[in-house]
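Below is one structure, written out as structure tokens, with a few remarks after it.
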Amino acid sequence: MYSDKVIEHFMHPRNVGKIEDADGVGKVGNPVCGDVMWIYIKVKDGKIVDCRFETFGCAAAIASSSVTTEMIKGKTIEEALKITNKAVAEALGGLPPQKMHCSLLAEQGIKAAIEDYMRRRKKGEEKGA
Amino acid sequence: MYSDKVIEHFMHPRNVGKIEDADGVGKVGNPVCGDVMWIYIKVKDGKIVDCRFETFGCAAAIASSSVTTEMIKGKTIEEALKITNKAVAEALGGLPPQKMHCSLLAEQGIKAAIEDYMRRRKKGEEKGA
Amino acid sequence: MVYLDNNATTPIDRRVYEAMSPYLFEKFGNPSTLYSIGAEARAAVEEARKRVADLVGARPDEIVFTGCGSESDNMALKGVAFAHMERGKHIIVSSIEHHAVLNTAAYLEKIGFEVTYLPVDRYGMVDPDDLRRAIRSDTVLVSIMLANNEIGTIQPVKELCSVSHEKGVLFHTDAVQAAGKLKIDVEELGVDLLSLSAHKIYGPKGVGALYIRKGTKIHPLIHGGHQERGRRAGTENVAGIVGFGKAAEIALQEMEEEAVRIAELRDRLEMGILERIEDVIVNGHPERRLPNTTNISFCYIEGEAIILKLASRGIYASTGSACSSDTLEPSHVLMAIGLSPEVGHGSVRFSLGKFNTADDVDRTLEVLPEVVSNLREMSPFWRRKNVQR
Amino acid sequence: MVYLDNNATTPIDRRVYEAMSPYLFEKFGNPSTLYSIGAEARAAVEEARKRVADLVGARPDEIVFTGCGSESDNMALKGVAFAHMERGKHIIVSSIEHHAVLNTAAYLEKIGFEVTYLPVDRYGMVDPDDLRRAIRSDTVLVSIMLANNEIGTIQPVKELCSVSHEKGVLFHTDAVQAAGKLKIDVEELGVDLLSLSAHKIYGPKGVGALYIRKGTKIHPLIHGGHQERGRRAGTENVAGIVGFGKAAEIALQEMEEEAVRIAELRDRLEMGILERIEDVIVNGHPERRLPNTTNISFCYIEGEAIILKLASRGIYASTGSACSSDTLEPSHVLMAIGLSPEVGHGSVRFSLGKFNTADDVDRTLEVLPEVVSNLREMSPFWRRKNVQR
Ligand SMILES: Cc1ncc(COP(=O)(O)O)c(C=O)c1O
Ligand SMILES: Cc1ncc(COP(=O)(O)O)c(C=O)c1O
């Protein structure tokens with residue numbers, strides 16, 4: 001059912017864990033549906049320098065989280081925002097139809113983390129101002 | 001489906017053929033239903049001294065004809081009239097339910113032949129009188 | 001043994017048996033399970049689906065595996081009837097369909113549908129004009145078989161199907177007997193649904209398939225799990241399906257050559273019988289007929305008796321449909337082509353297959369005349385007929 | 001390989017395979033044909049029928065062979081519903097039935113029947129009083145499974161059945177999971193219909209059976225030929241049926257001993273898990289439960305991930321029903337016993353079988369804690385829960 005790439009990321013997920021002093025955190029998904037993804041990012045000079053995840057979910061959800069953190073590490077905020085769920089699924093060598101929502105969750109996770117980062121920065125600027 | 005006895009009688013039927021100068025002939029069955037039986041009897045001193053058959057029909061019909069001719073040979077008219085389809089089926093070691101009508105046909109064939117014999121005798125007596 | 005009853009069921013091809021074997025023992029995974037041994041079974045089922053699809057020119061996702069040809073026919077008729085009930089409750093079938101279609105139609109009648117039974121001519125052919133006239137505004141399905149199991153007549157399905165489609169009516173064909181004997185292409189025929197059964201093409205008993213053209217609205221016959229994309233529930237008969245796939249693959253490869261060879265044997269048998277035995281009638285269409293089938297009426301005697309006498313000499317044939325061998329009525333197919341009941345009762349179907357040889361035919365031609373004359377000796381009609389002459 | 005998914009499907013017993021083999025190759029006769037090779041197949045089918053009947057205390061003529069357990073369930077529900085439509089259009093099922101029953105009930109609803117879904121308690125038990133209250137004057141069938149496939153809970157079928165019968169309502173039970181694991185006696189239970197499937201008792205996939213008490217009015221699901229005394233058309237899956245018969249015979253002989261041995265292994269597994277892993281919940285009834293089944297929720301993580309990690313180490317289990325593994329919703333059974341969706345998602349079914357050994361259990365107990373803690377390390381809930389402490 002799963003591609004080798006999915007299995008590989010699931011068995012050896014990259015960037016697992018929490019970033020204690022993250023600049024942005026995206027919390028998406030719903031335990032009722034069986035998938036929750038938390039994405040942590042660390043940003044420096046408009047670039048995502050670190051990214052980690054915590055995921056409750058199936059193999060596809062874990063693999064999607066893993067591959068997405070890899071994809072955005074080193075990217076600028078703008079570049080990261082352009083990552084679509086299709087790109088995530090492609091990077092995993094495809095996902096079964098009923099699991100495509102996992103890649104969507106990853107896309108939303110990144111977007112939510114970046115939004116959180118923006119919000120915090122705005123707040124910080126406001127405070128700083 | 002068929003007992004060994006049925007098969008044996010079917011493969012080696014006794015008393016096949018016509019009796020040219022029969023004292024009674026019973027013609028029963030309907031080609032539409034796939035079974036027609038003609039029973040010929042020769043009677044002497046109230047006893048059936050010969051009996052033959054011609055049958056168009058399935059293995060059960062042929063075996064029933066065969067075994068019945070055997071059963072009534074040497075019997076008196078009264079005895080022959082007592083032969084039931086159950087007795088015929090038993091003599092064949094049983095018949096499948098959907099073939100029980102073949103034994104009934106044999107019973108009817110005998111009865112019809114005897115009736116024919118009686119009718120002729122009556123006519124003969126009337127004429128003779 | 002001379003086996004001439006291939007329309008009842010075929011021997012399994014050794015290659016089919018060998019393909020199935022592992023899935024009966026070591027490879028026992030359930031295709032619905034996630035892990036590797038399930039995946040193996042799933043892959044085997046999908047491979048088989050492709051092969052069965054190829055046999056009829058379909059796409060794999062248009063093939064649903066079932067438990068037998070009868071189930072396929074039932075699913076087609078009931079599934080379409082129920083799914084289109086709101087549009088209308090009239091269906092049309094030919095009068096020489098297999099019981100799996102006829103009795104399903106009769107059941108639908110019982111529960112409130114209307115059924116028109118189309119007549120056939122003396123060769124067993126349905127007239128497309130009859131079909132045209134029979135279609136009504138509330139007709140939801142036409143079901144006419146590709147080739148008949150008893151007499152082998154091949155229907156003009158392409159034409160019949162286009163008559164149906166002109167009026168916007170779905171078309172099902174029972175191709176259980178045609179498959180593996182004729183080239184079938186669902187695109188060429190245009191049919192919306194088509195039934196198949198593995199055990200008629202040297203595959204295992206207990207597996208069938210229904211081709212369902214993409215987009216065709218149909219209800220499942222067996223509800224439950226998500227197997228077969230929700231169209232037929234139940235844990236897949238993996239070994240059986242694998243066997244069906246192998247049988248389909250072999251049929252596609254060998255059919256063309258085999259059909260010619262078998263037709264030659266069949267013709268030799270038929271000619272031989274006509275030459276050796278008087279008062280016989282060959283039933284079915286002279287040309288548009290399955291290459292392996294000959295149905296012959298032996299006047300004045302009864303078919304079952306012939307069959308059993310032949311069987312006692314190691315030659316296996318049958319009286320029409322195996323399924324109706326329990327009833328007293330002569331075959332509905334032979335009645336529909338206009339035989340009298342007596343003649344109908346005296347009919348025997350010889351259906352050849354790829355394992356038959358010229359020796360089989362010769363042996364049959366040696367034994368059959370004896371058997372027939374032996375039975376005719378017992379028949380009141382034969383004697384009488386000879387007297388009347 | 002450690003195979004702990006015997007409720008999904010069982011490996012085939014070698015003796016079953018060996019009994020089937022000849023009917024897949026040399027002995028290819030069609031049971032409906034008259035002559036000897038047909039008779040051989042027919043006799044084999046009847047022998048198997050006797051054995052399957054013996055497994056459940058029925059008479060052979062009360063057993064109808066089908067293409068799978070799902071077909072048996074469909075036939076029971078639709079066959080009774082349609083045959084008794086004039087009396088009423090209401091049926092009752094439990095809310096934890098297999099999809100073969102639930103989705104059939106839902107289909108009947110769609111086409112005009114009414115269905116009541118009975119609740120279950122936290123152990124998955126139906127309350128006979130609930131049933132009593134649910135039965136109406138137009139109720140024609142109650143269908144409640146003997147044992148549940150996901151959590152193993154065994155229903156008080158005898159009691160439920162007598163509640164139904166008091167009100168003159170027919171009772172069907174899906175015994176697909178119970179067969180071969182529990183002693184079943186249709187006379188003792190009193191049920192009118194009972195479903196079985198061969199591949200759950202070390203037999204082949206693609207064969208099922210429906211017990212139909214003599215005199216029960218029911219329509220066929222598959223119409224056509226006269227097979228199975230007109231109750232299920234289609235050329236018989238002879239090899240499959242023979243395999244089913246053999247499997248039933250073996251089950252009857254070995255069940256009693258095996259059930260004890262397997263229950264011990266299961267308990268050892270369950271205890272071992274409870275000892276080694278925190279935050280786990282055992283689902284199903286503590287006593288009235290299949291001897292081979294344990295369903296465990298591992299909080300804070302998701303079941304499919306556990307299954308796949310285990311599979312990568314050669315241990316095969318599953319998340320509840322194989323059939324529902326495609327949907328996003330947690331198992332309807334676990335929801336019905338009141339688990340929260342999160343906990344439901346984290347549940348794994350370990351179902352043991354006669355080929356399992358103590359080593360299998362020990363190996364699982366060695367691997368499982370690692371797998372669980374590995375996944376928990378990734379879970380946002382686990383970390384948080386530990387922080388909250
Ligand atoms: C309780 C129950 N009923 C019915 C079925 C369906 O059986 P089958 O897969 O043979 O259709 C199963 C197994 O999947 C089951 O566990
Ligand atoms: C034309 C036709 N349709 C349907 C069937 C039924 O197929 P099965 O025996 O696989 O149910 C048969 C064979 O018996 C057949 O000849």
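Chain letters run A, B, ... following the sequence lines, proteins first, then strands; residues in each count from 1.
In terms of heavy atoms, C/Asn30 sits closest to D/Ala8 at ND2-O, 3.2 Å. Considering every non-hydrogen atom in both D/Phe28 and C/Lys205, the closest pair reads O-NZ, 2.5 Å. The shortest heavy-atom contact between D/Gly29 and C/Thr9 is C-CG2, 4.1 Å. A pairwise comparison of heavy atoms in C/His99 and D/Gly225 identifies CB-N, 4.0 Å as the closest pair.
D/Phe82 and C/Phe82 have parallel rings, their planes meeting at less than 30° on a 0 to 90° scale where 60° marks the start of perpendicular. Ring orientation note: the planes of D/Tyr107 and C/His219 are nearly perpendicular, at an angle over 60° on the 30°/60° scale.
C/Met1 touches chain D through its side chain: at least one heavy atom from C-beta onward sits under 4.5 Å away, while N, CA, C and O do not. Contact annotation for C/Glu236: only backbone heavy atoms (N, CA, C, O) come within less than 4.5 Å of a heavy atom of chain D. C/Tyr3 touches chain D through its side chain: at least one heavy atom from C-beta onward sits under 4.5 Å away, while N, CA, C and O do not. Residue contact with chain D, scored on non-hydrogen atoms closer than 4.5 Å, involves the backbone of C/Asp13 exclusively. Looking at C/Lys27, neither its backbone nor its side chain comes within 4.5 Å of chain D, counting heavy atoms on both sides. The part of C/Thr10 that comes within reach of chain D is its backbone (N, CA, C, O), which places non-hydrogen atoms under 4.5 angstrom from that chain. Heavy atoms of C/Met20 lying under 4.5 Å from chain D belong exclusively to its side chain. With a 4.5 angstrom heavy-atom cutoff, C/Arg14 touches chain D via backbone and side-chain atoms both.
Chain C forms more heavy-atom pairs under 4.5 Å with one residue of D/Gly208, D/Ala105, D/Gly206 than with any other, namely D/Gly206. Between chain D and the options C/Thr104, C/Leu102, C/Ile307, C/Leu24, heavy-atom pairs under 4.5 Å are most frequent for C/Leu24. Chain D forms more heavy-atom pairs under 4.5 Å with one residue of C/Gly67, C/Ala233, C/Ala311, C/Gly240 than with any other, namely C/Ala233. The choice from D/Gly234, D/Ala100, D/Pro11 that makes the most heavy-atom pairs within less than 4.5 Å of chain C is D/Pro11. Of the listed residues C/Asn103, C/Leu221, C/Asn74, the one with more heavy-atom pairs under 4.5 angstrom with chain D than any other is C/Asn74. For chain D, the option among C/Val207, C/Ile12, C/Val16, C/Leu308 with the highest count of heavy-atom pairs below 4.5 Å is C/Ile12.
A 4.5 Å side-chain heavy-atom check between C/His223 and D/Lys78 finds at least one atom pair inside the cut-off.
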